[in-house]
Undergrad: 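Structure below; questions to follow.
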Amino acid sequence: MPLARRRDYTPLLLIAAMILMWALLHIFMGGDALGPSLYNTYTLQALAWRQGELHLPHDYPHLELAIFEGDYYVSFPPLPSVILYPLTFLFGAQTPDNFLVKLYALMACLAMYYALRNAGYSRLSASFLSFFFSFSSSLLPMTMQGAVWYHAQVLAFLMVTLSICLLALDFTAPALLFYALSVACRPFHALYALPLFFTYWIINRRAGVSLVKMARSLMPGIGLGLCVAAALALYNLARFGNPLEFGHNYLPEFSFQGGVQFSVSHVLNHLKTFLWGLPLEISNGALAFKKFGYSLFIACPTLTLMMIWLVIDCFKKRMRWEKAVIFLTFLLHLFCLLLHRTFGGFQLGARYAVDLIPYSFFYLLLTPEKKKLALWEGILLGAIFIFTMIGMTQVHI
């Protein structure tokens, strides 16, 4: 490793910038920056595990719990509780959820930085891109508190980002392990298998690597991923008698209140808000931020950039199969998310769209012709970052 790379102190500056950002936001918004969240579902689940139980001891009316055969269950995949489990021995029910979501986002930002540097980006471009890919988006509001919904999504963002970065470095086993762990936070992240495996296959085929050698390289990671999948299936089977059931079908809103969890009709409703909905509206005679979301292409501008990069690649005839697979999987993933009734519920921006940001980062890493942040890109990302910061002081999720 070159001496200059070893003396790269930019990550420390990135960390300082993130700490300053969160400090300013908490000054203006209030809240406990480092402590526990009121919506500490994952902590309660970890505490129940310590008592040898798969369900919670009683109902918590303010939490989103599944009801099955008279018991109350956490209706989300369990990876965050696995991480919180050892922390409960130190903090009990007061695990620092608000700090953890910030730590996850910080680690994802640094992982992006190192991946971009390894791809040939300058320190300046890599630092701005990694920062804006993380925080010029609806991820930023979620880092303010470790509530159950945000905790899972920010951790999934970290896991899949690590997977992409490690695959780019040819560390296939840990890459596939982190991919599997991302599914243990957000089940639709299973779709990331398509670009991950296809990219690995096609790049190695171009390099002349045999299928046998590729298979040998992939087997440890596939084995680790299958272990994670088996653990999830057994956990669901033990709780609900169904290896694919995490509990959402047993939430009151879907089990007996008449709600439909997934439907094409939801897609049509969401298109109005999350594709072309504007972020501002007239409320009580004044211009205000929308409290229930707006266009994901404004809320998460790296997705807009990916579409622009796609058009440029097609126009310049440098489109490659792996980038096409990334984009098509992004569209499929988006459609699956739009099928859900809420697309995130009460939110600033488009919370579920955060699950899609790693596609745009993956696309960028596979564009060797691009080695710096263009000025217009920096202006766009910076403007949305400032816009989101201002919106967060008006809309608290």
Side-chain angles (χ1 to χ4, degrees), residues 105 108-116 118-119 121 125-140 142 153-154 156-168 175 178-179 182 186 188-189 191-196 198-199 274-275 295-314 318-338 349-374 376-385 388:
C109 180
L110 294 182
M112 289 184 187
Y113 173 80
Y114 284 115
L116 290 168
N118 186 72
Y121 284 77
S125 287
S127 58
F128 274 101
L129 279 167
S130 58
F131 185 87
F132 285 143
F133 262 81
S134 299
F135 303 113
S136 183
S137 72
S138 298
L139 179 77
L140 181 55
M142 290 190 287
Q153 211 169 346
V154 180
F157 182 84
L158 169 61
M159 294 292 108
V160 78
T161 297
L162 289 174
S163 177
I164 292 168
C165 293
L166 289 167
L167 187 75
F178 283 119
Y179 153 71
S182 77
R186 301 284 288 173
F188 279 142
H189 272 44
L191 291 170
Y192 274 100
L194 297 175
L196 286 169
F198 186 82
T199 297
F274 296 108
L275 282 194
S295 173
L296 61 93
F297 295 110
I298 299 174
C300 300
T302 62
L303 301 177
T304 305
L305 289 182
M306 179 173 60
M307 299 186 72
I308 295 172
W309 296 333
L310 178 80
V311 172
I312 292 173
D313 284 340
C314 291
R318 65 187 188 196
M319 191 65 187
R320 295 185 175 184
W321 283 108
E322 59 268 33
K323 292 199 284 188
V325 169
I326 288 172
F327 185 75
L328 291 174
T329 309
F330 152 71
L331 293 178
L332 176 60
H333 198 157
L334 172 59
F335 177 74
C336 291
L337 293 173
L338 289 170
R351 181 165 70 84
Y352 278 12
V354 170
D355 292 344
L356 307 172
I357 294 173
Y359 290 109
S360 58
F361 179 68
F362 203 179
Y363 195 103
L364 178 65
L365 281 182
L366 295 178
T367 307
E369 304 85 1
K370 182 178 177 59
K371 294 298 182 186
K372 65 179 181 178
L373 173 68
W376 69 270
E377 295 169 341
I379 292 173
L380 172 64
L381 294 172
I384 297 297
F385 171 71
T388 304

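One-based numbering along the sequence shown. Every heavy atom of this structure was used, including side-chain atoms; hydrogens, water molecules and symmetry mates were not. Bear in mind the structure is a predicted one, so any value in this text is a computation, not a measurement.
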Undergrad: To the nearest 0.5 angstrom, please state how far the CG atom of Leu334 sits from the CZ atom of Phe188.
TA: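 One finds 11.5 Å between CG of Leu334 and CZ of Phe188.
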Undergrad: Could you check whether any side-chain heavy atom of Cys300 comes within less than 4.5 Å of a side-chain heavy atom of Ile357, counting everything from C-beta outward?
TA: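 Contact flag for Cys300/Ile357 side chains = yes.
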Undergrad: Tell me whether the count of non-hydrogen atoms from other residues, nucleotides or ligands lying under 6.0 Å of NZ in Lys370 goes above 12.
TA: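 Check passes, neighbour count above 12.
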Undergrad: Determine the sole option in Thr161, Val160, Leu158, Leu166 for which the side-chain contact (heavy atoms from CB on, under 4.5 Å) test with Phe178 is passed.
TA: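 Checked Thr161, Val160, Leu158, Leu166 against Phe178; only one passes side-chain contact (heavy atoms from CB on, under 4.5 Å): Leu166.
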Undergrad: Please name all residues satisfying side-chain contact (heavy atoms from CB on, under 4.5 Å) with Ala193, sequence neighbours left out, ordered by chain then number.
TA: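 side-chain contact (heavy atoms from CB on, under 4.5 Å) check on Ala193 returns Tyr179, Phe197.
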Undergrad: Residues in ring-ring contact (aromatic ring centres under 6.0 Å, His included) with Phe274, at least two apart?
TA: His270, Phe343
Undergrad: In chain order, what residues pass the side-chain contact (heavy atoms from CB on, under 4.5 Å) check against Ala168, with sequence neighbours excluded?
TA: Leu365
Undergrad: Are the side chains of Phe330 and Leu191 in contact, using a 4.5 Å heavy-atom criterion?
TA: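 No, side chains not in contact.
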Undergrad: Please list, one pair per line, the donor and acceptor atoms closer than 3.5 Å that link side chains of residues 301-309 to other protein atoms, with sequence neighbours excluded.
TA:
| unit_1 | atom_1 | unit_2 | atom_2 | d |
| --- | --- | --- | --- | --- |
| Thr302 | OG1 | Ser360 | OG | 3.0 |
| Thr304 | OG1 | Phe297 | O | 2.6 |
| Trp309 | NE1 | Glu377 | OE2 | 2.8 |

Undergrad: With Arg186, which residues qualify under salt bridge (charged side-chain N to carboxylate O under 4.0 Å, His left out), at least two apart?
TA: Asp355
Undergrad: For the residue pair Phe362 and Ile164, what are the closest heavy atoms and their distance?
TA: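 Of all heavy-atom pairs spanning Phe362 and Ile164, the closest is CD2-CG2, 3.6 Å.
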Undergrad: Can you name the ring-ring contact (aromatic ring centres under 6.0 Å, His included) partners of Phe335, sequence neighbours left out?
TA: none
Undergrad: Can you name the nearest heavy-atom pair linking Val354 to Ser138, along with the distance?
TA: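 Residues Val354 and Ser138, closest heavy atoms: CG2-C, 3.5 Å.
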Undergrad: Within the structure provided, determine whether Leu331 and Phe327 are in side-chain contact (heavy-atom separation under 4.5 Å).
TA: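 They are in contact (side-chain heavy atoms under 4.5 Å apart), so the answer is yes.
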Undergrad: Let me see the working for Leu356 and Leu337 under side chain to side chain contact (heavy atoms under 4.5 Å, CB included), right down to the final yes or no.
TA: CA-CA 10 Å; Leu356 307 172; Leu337 293 173; 3.9 Å; yes
Undergrad: For residues Ile326 and Leu366, report the shortest heavy-atom separation together with the two atoms involved.
TA: CD1-CD1, 3.4 Å
Undergrad: Without swapping roles, check the side chain of Ser125 against the backbone of Leu373 for a donor-acceptor pair under 3.5 Å.
TA: yes
Undergrad: Not counting sequence neighbours, which residues clear side-chain hydrogen bond (donor to acceptor under 3.5 Å, both in side chains) with Tyr359? List them please.
TA: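 Tyr359: side-chain hydrogen bond (donor to acceptor under 3.5 Å, both in side chains) contacts with His333.
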Undergrad: Closer than 3.5 angstrom, by distance alone: can the side chain of Thr199 be matched with the main-chain N or O of Pro195 as a donor-acceptor pair?
TA: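 Yes; at least one donor-acceptor contact below 3.5 Å.
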Undergrad: Without placing hydrogens or testing angles, list every side-chain donor-acceptor pair under 3.5 Å for residues 127-137, not counting sequence neighbours.
TA:
| unit_1 | atom_1 | unit_2 | atom_2 | d |
| --- | --- | --- | --- | --- |
| Ser127 | OG | Arg123 | O | 2.9 |
| Ser127 | OG | Leu124 | O | 2.8 |
| Ser130 | OG | Ala126 | O | 2.8 |
| Ser130 | OG | Ser127 | O | 3.0 |
| Ser134 | OG | Ser130 | O | 3.0 |
| Ser136 | OG | Leu381 | O | 2.7 |
| Ser136 | OG | Phe385 | N | 3.4 |
| Ser137 | OG | Ser134 | O | 3.1 |
| Ser137 | OG | Leu139 | N | 3.1 |

Undergrad: For residues 318-332, which residue pairs pass the side-chain hydrogen bond (donor to acceptor under 3.5 Å, both in side chains) check, not counting sequence neighbours?
TA: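 Only Arg206-Glu322, Asp313-Arg318, Asp313-Lys323, Lys323-Thr367 qualify under side-chain hydrogen bond (donor to acceptor under 3.5 Å, both in side chains).
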Undergrad: Rounded to the nearest 0.5 Å, how far apart are CD of Gln153 and CZ of Arg351?
TA: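 That separation rounds to 5.0 Å.
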